[in-house]
Amino acid sequence: MAHVIEERTPKMSERSEFRTRRLRRNELPVDTVELARYLIGKTVVRETKRGRVAGRIVETEAYLMGDKAAHFYRGRTKRNGSLYLDRGHAYVYFCYGTHFMLNVSGERAGVGGGVLIRALEPVEGIEWMRRRRGTRKLQDLARGPGRLAEALGITRGQDGVDLTAAGSELWLGTATRATGEIGESVRIGITKDAQRVLRFYERGNEFVSGPKGMRE
DNA sequence: AGTGCGATTGACT
DNA sequence: GTCAATCGCACTA
């Protein structure tokens, strides 16, 4: 078995010496909008047999009760049930017949609320992200909700996973470094309740999705 | 049982 | 800039 030894010094984003710890449920705000802000700078970690893939959250959107753009606007259904689990559970939605999207439930059990994770700054397992995504370009690995899910190998199989449970295959971790200033804007790609300011992102971060004006 | 469409992406003019 | 891909699900009947 031949091994290729990387001789150059890895870039900061490729080092796996960062430290992160699984967030406990009682550390998560009990409010979807607060959670959407809180999650900026935190990590999403995916554990597989092959190893760990992780990224730093740089963009989120909140979906609330009474919000026409929310998947649970018309009530609880077979598909959206995970959005009614206690805060910190995964809701994975299959969209356009091609992409999965990762959300984190944001309220107490029985109340609907979700935070869509829209973009990650790759932190660990970058070679695995490249293989899953079929591109080398660091900026395109997890910039956008569909890309992010693909990079982490997330499918409906992860729907309902408790992101705070010990040993879960997918979890939320503490920040690996200081979080920058948080910007706000309207949400991307929706048509109903489109004027509401419920998108949050780390200002100036190159891994945030959307046009230039929505990243600064 | 049939239908319309969506919290996107990548390829192409 | 435009546009097709491609599927499950919720809604109508």
Side-chain angles (χ1 to χ4, degrees), chain A residues 31-40 44 55 57-85 87-107 111-122 129-161 163 170 172 183-202 206-215:
Chain A
D31 177 275
T32 303
V33 175
E34 281 183 44
L35 181 64
R37 286 180 155 281
Y38 174 84
L39 289 178
I40 301 294
V44 175
I57 300 171
V58 296
E59 181 183 356
T60 63
E61 285 179 358
Y63 290 87
L64 316 172
M65 290 294 279
D67 176 359
K68 295 189 181 69
H71 288 161
F72 51 90
Y73 179 62
R74 292 166 198 278
R76 191 169 188 162
T77 65
K78 182 184 176 185
R79 176 177 62 172
N80 67 26
S82 297
L83 289 166
Y84 289 81
L85 298 176
R87 66 195 190 284
H89 283 80
Y91 162 58
V92 181
Y93 166 58
F94 186 51
C95 190
Y96 294 110
T98 45
H99 305 288
F100 291 98
M101 289 177 222
L102 173 66
N103 293 249
V104 179
S105 61
E107 303 285 339
V111 182
V115 176
L116 171 68
I117 308 300
R118 283 195 60 92
L120 298 180
E121 176 180 331
M129 291 193 192
R130 286 181 165 138
R131 273 180 233 185
R132 287 208 176 97
R133 291 276 301 115
T135 178
R136 303 290 307 168
K137 199 177 173 192
L138 193 61
Q139 196 180 347
D140 288 346
L141 295 182
R143 182 170 178 263
R147 293 168 171 175
L148 170 168
E150 187 173 43
L152 267 53
I154 292 172
T155 67
R156 282 287 286 182
Q158 280 67 242
D159 183 54
V161 167
L163 302 171
L170 186 64
L172 294 170
E184 303 179 344
S185 82
V186 294
R187 294 170 293 184
I188 293 177
I190 57 168
T191 53
K192 296 167 241 169
D193 272 341
Q195 79 293 349
R196 301 186 71 173
V197 177
L198 290 170
R199 171 175 173 265
F200 306 96
Y201 57 96
E202 184 176 55
E206 65 177 318
F207 297 97
V208 173
S209 76
K212 190 163 182 271
M214 295 188 82
R215 286 185 267 138

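Below, each value reflects all heavy atoms present in this structure, side chains not excepted, and no hydrogens, waters or symmetry copies. Letters A, B, ... mirror the listed sequences (proteins, then strands); counts begin at 1.
- Considering only side-chain N and O atoms, A:Thr77 lies under 4.0 angstrom from the phosphate OP1 or OP2 of C:dA10.
- Applying the 6.0 Å contact sphere to CZ of A:Arg74 captures no more than 12 heavy atoms from other residues, nucleotides or ligands.
- Residue A:Arg187 is classed as having no contact, given no heavy-atom separation below 4.0 Å to the nucleic acid.
- As rounded to the nearest Å, C:dG8 and B:dG10 have C1' atoms that lie 22 Å from one another.
- Contact between the side-chain N/O atoms of A:His71 and the OP1/OP2 oxygens of B:dA7 is found at a separation under 4.0 Å.
- In this structure, NZ of A:Lys137 is placed 13 Å from C1' of B:dG10, rounded to the nearest angstrom.
- Screening A:Leu83, A:Leu172, A:Ile57 for a side chain to side chain contact (heavy atoms under 4.5 Å, CB included) with A:Val104, the sole residue that qualifies is A:Leu172.
- For the segment residues 59-67 of chain A, the set of residues with a heavy atom within less than 4.0 Å of an atom of DNA chain C is empty.
- Where A:Thr191 and A:His99 meet DNA chain B, the nucleotide closest to each residue was compared, and A:Thr191 sits on the side nearer the 5' end.
- Of all the residues in residues 141-152 of chain A, A:Gly144, A:Pro145, A:Gly146, A:Arg147 reach under 4.0 Å from DNA chain B with at least one non-hydrogen atom.
- Residues A:Asn80 and A:Cys95 each lie close to DNA chain C; by heavy-atom proximity, the contact nearer the 5' end of the strand is made by A:Cys95.
- Interatomic distance, CG of A:Leu148 versus CZ of A:Arg133, reported as 10.0 Å (0.5 Å rounding).
- Ring pair A:Phe72/A:Tyr84 is perpendicular by interplanar angle, where above 60° counts as perpendicular and below 30° as parallel.
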Task: Test side chain to side chain contact (heavy atoms under 4.5 Å, CB included) applied to A:Arg199 and A:Met214, step by step - done: CA-CA 10 Å; A:Arg199 171 175 173 265; A:Met214 295 188 82; 3.5 Å; yes
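- When rounded to the nearest whole Å, the span between OH of A:Tyr93 and P of B:dT8 equals 9 Å.
- When Watson-Crick and G-U wobble pairs are counted only if both distances are under 3.5 Å, B:dA7 pairs with no nucleotide at all.
- The one candidate from A:Phe94, A:Phe100, A:Tyr93, A:Tyr91 that meets the side chain to side chain contact (heavy atoms under 4.5 Å, CB included) condition with A:Asp159 is A:Tyr91.
- Atom CG in A:Asp159 sits about 16 Å away from atom P in B:dA7, given to the nearest Å.
- Comparing the P positions of C:dT6 and B:dG2 gives an interatomic distance of 22 Å, to the nearest angstrom.
- In this structure, OH of A:Tyr73 is placed 15 Å from C1' of C:dA10, rounded to the nearest angstrom.
- Using a 4.0 Å heavy-atom cutoff across all strands shown, A:Ile190 reaches sugar-phosphate atoms only and no base atom.
- In this entry the distance linking CG of A:Leu83 with P of B:dA7 reads 12 Å, nearest Å.
- Of the side-chain N and O atoms in A:Arg133, none sit less than 4.0 angstrom from OP1 or OP2 of B:dT9.
- Within the 4.0 angstrom heavy-atom criterion, no nucleotide atom of any strand lies near A:Arg199.
- Distance A:Tyr91 OH to C:dC9 P: 10 Å, rounded to the nearest Å.
- Looking at A:Phe207 and A:Leu141, their side chains never come closer than 4.5 Å, going by heavy atoms from C-beta outward.
- Per the geometry, NZ belonging to A:Lys192 stands 7 Å off P belonging to B:dA7, to the nearest Å.
- Salt bridge status for A:Arg132 with A:Glu150: absent, with no side-chain N to carboxylate O gap under 4.0 Å.
- Atom CZ of A:Phe94 and atom P of B:dT9 are 13 Å apart (whole Å).
- With rounding to the nearest 0.5 angstrom, the CD1 atom of A:Ile40 is 10.0 Å from the CG atom of A:Leu35.
- When all heavy atoms of A:Arg118 and A:Ser209 are compared, the closest pair comes out as NH2-OG, 3.3 Å.
- Comparing A:Arg156 and A:Tyr96 by the nucleotide of DNA chain C that holds the closest heavy atom to each, the one mapping nearer the 5' end is A:Tyr96.
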